[in-house]
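These numbers come from the heavy atoms of this one structure, side chains and all, not from hydrogens, waters or symmetry mates. The structure presented is a predicted model; accordingly, all values stated were derived computationally and were not measured. If you read the sequence from its start, that first residue is 1, and numbering goes on from there.
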Amino acid sequence: MQKRTWVLPAILLFAAAVCAQGAGKGTISLTDEPIGYAGLGKYATSKGKTVSTKQELVSAVKSGGVIIINGMIDMSEGMLVAEGGKSTDSTPALDAFVKKQTSGKYETYEAWITAYSEACKLSTDDDKPGSGNSKLQGTMKTLNNAYGKTIRLDVPSNTTVIGAGPNCGIRGGTFQINGKSNIQIRNLTIIDPFDPFPHHEENDGYNAQWDGINIQGTCKNLWIDRVTFEDTISIGYVKTAGKTTEKWQTYDGLCDLKNDTTNVTISNCLFRNHDKTMLMGSSDKDGNKSKRFITLYGNYFYNCGQRLPLVRNTTLHMLNNYFDADSNAPYKQNYAVSCRKDCIIYAEGNYFGPGIQYSFKDSDGALYASGNTDKSSKGASRKTTGTTLFKDAVGKYDYTAVSADEAKTNAEKNAGAGYTLNL
C-alpha cells in the first residue's frame with residue numbers, strides 16, 4: 001500500500017475553546033485528504049446535493065455520492081424530548097407513535113414505560129429469544145424496530161456526508177455503515193442518538209440499541225472527521241418489577257466499530273457528555289488485530305464515562321488525543337482506554353487530564369506508549385509493553401506528531417464540528 005505523508009495542521013482560528021456548535025473555526029474542503037489508515041482509500045469529492053430536511057437527506061443517502069447538510073435535521077420527527085429533558089419524558093409525537101404501534105393498548109409513552117418496567121425482573125433478558133424474556137418482549141421489539149426505521153440512515157459505499165457550516169448535522173438519528181467502503185462523515189454535529197425503547201438485560205438493566213455512528217460488517221476506508229458527538233438528555237429512572245429502581249438508559253455508543261472493519265481514521269472529533277463512548281470489538285471473538293486497523297488522532301474526549309475507547313482485536317494508533325472531565329460531568333468517569341483481548345495499542349503524545357480516573361485500564365493485549373502526559377487521578381492500572389519506533393510499527397502511513405501539551409491545545413481549539421465548507 002502506498003504511504004501518505006501526514007503533517008499535523010496548524011491551529012485554526014476559533015471563537016470558543018470547547019463549544020463546537022457555531023464556533024466558526026475555519027474552512028474545510030471536499031478535497032481534503034484523509035489521514036492515518038483512512039488515507040488508503042478513495043472517496044467521493046465532487047460537488048453533490050445540498051439537503052436541509054429529513055426527507056431530502058434520506059433520499060440523498062439512498063443514492064450516495066457527496067451529500068452536504070445545511071442546518072440541523074430532526075431525525076425523530078418530533079418524538080425526541082427537548083434538550084435538557086429526561087429519558088422518561090415524552091412528546092405528543094412519541095405518545096402518538098406508541099399508541100399507533102401498539103394498536104391503542106398503550107396510549108402514551110409513560111404508560112408503555114410503566115407497563116414494560118413492571119413486566120421485567122432484574123433477571124429478565126430481553127436481548128434475545130429465550131426463557132428469560134418478559135411477557136412484553138415482543139411489543140418492545142415492535143416498538144424498537146419501528147422507531148429504528150424512523151431514525152436510521154443506511155450509508156452506501158462511496159459516500160461523503162459533510163456539514164455546510166456551523167450548526168449542521170442531525171439530532172436523534174443514527175448513521176449505520178454495514179459492509180460498505182470509501183465513506184466520509186465530516187463536520188457534522190450528531191446529537192442524541194436516542195433509543196426510547198431500551199430492552200432489559202439480565203443484571204445489566206435497560207440498554208439502548210442505537211449509536212451515533214455504527215460500523216459493522218466488512219467495512220474499509222472510513223474517515224470520521226471533525227464531528228461533534230453529544231448527549232443533551234439526562235437519565236430518568238423506573239421501578240423494575242414495580243420495586244427496584246433502575247436507570248432508563250436510552251443511549252448506547254457514540255461511535256462503535258465491529259466485525260471486519262479496517263482502515264479507519266477518527267480525527268479531530270469532540271465526544272462530550274456520554275457514558276459508553278466508543279467500542280472497538282463487541283466481544284473477544286469479534287475482529288482480528290492483523291486486519292482491523294484504526295487511527296485515533298486529534299480527538300477531544302470530554303466528560304465521558306468510559307470506553308475512550310474499549311479496544312479488542314484491533315491494531316490502534318492513538319496519536320495526539322486529549323482526555324478530561326470536570327466536576328459537573330453527567331456520568332461518573334471510570335477510565336479512558338480499556339485494553340482488552342488481543343489489542344495492539346500504539347499510544348503516542350496523548351494528554352490525560354486530572355478528571356480522568358485511569359488513563360489505561362485492563363491487562364490484555366499489548367500497549368506501547370511514548371510521549372504521553374498522564375495526569376489522571378489514578379494513572380495507568382497496567383504496565384506498558386514498552387516503546388517502539390511507531391512509524392515502523394504502524395507501517396502504512398507517514399506522519400508527524402506533536403507533543404502531548406500541543407495536542408491538548410489543538411484539541412481544545414480544533415476538535416468537533418463548526419467549520420465552513422469551501423466548495
Of all residues at least two apart in sequence or in a different chain, which pass the salt bridge (Lys or Arg N to Asp or Glu O under 4.0 Å) check with [X]?
X: D127; answer: none
X: E77; answer: K54
X: D362; answer: R340
X: K285; answer: none

Sorted by chain and residue number, the side-chain contact (heavy atoms from CB on, under 4.5 Å) partners of P196 (sequence neighbours excluded) come out as L94, Y109, Y147, F194
Run the side chain to side chain donor-acceptor pair (under 3.5 Å) test against [X] and tell me which residues pass, sequence neighbours left out.
X: S282; answer: D286
X: K239; answer: T245
X: D284; answer: R312
X: Q216; answer: N214

With sequence neighbours left out, the residues meeting ring-ring contact (aromatic ring centres under 6.0 Å, His included) with F323 are F301, F352
Taken in chain and number order and not counting sequence neighbours, the residues that satisfy ring-ring contact (aromatic ring centres under 6.0 Å, His included) with F229 are F271
In short, side chain to side chain donor-acceptor pair (under 3.5 Å) pairs touching residues 112-121 with sequence neighbours left out are Y116-D126
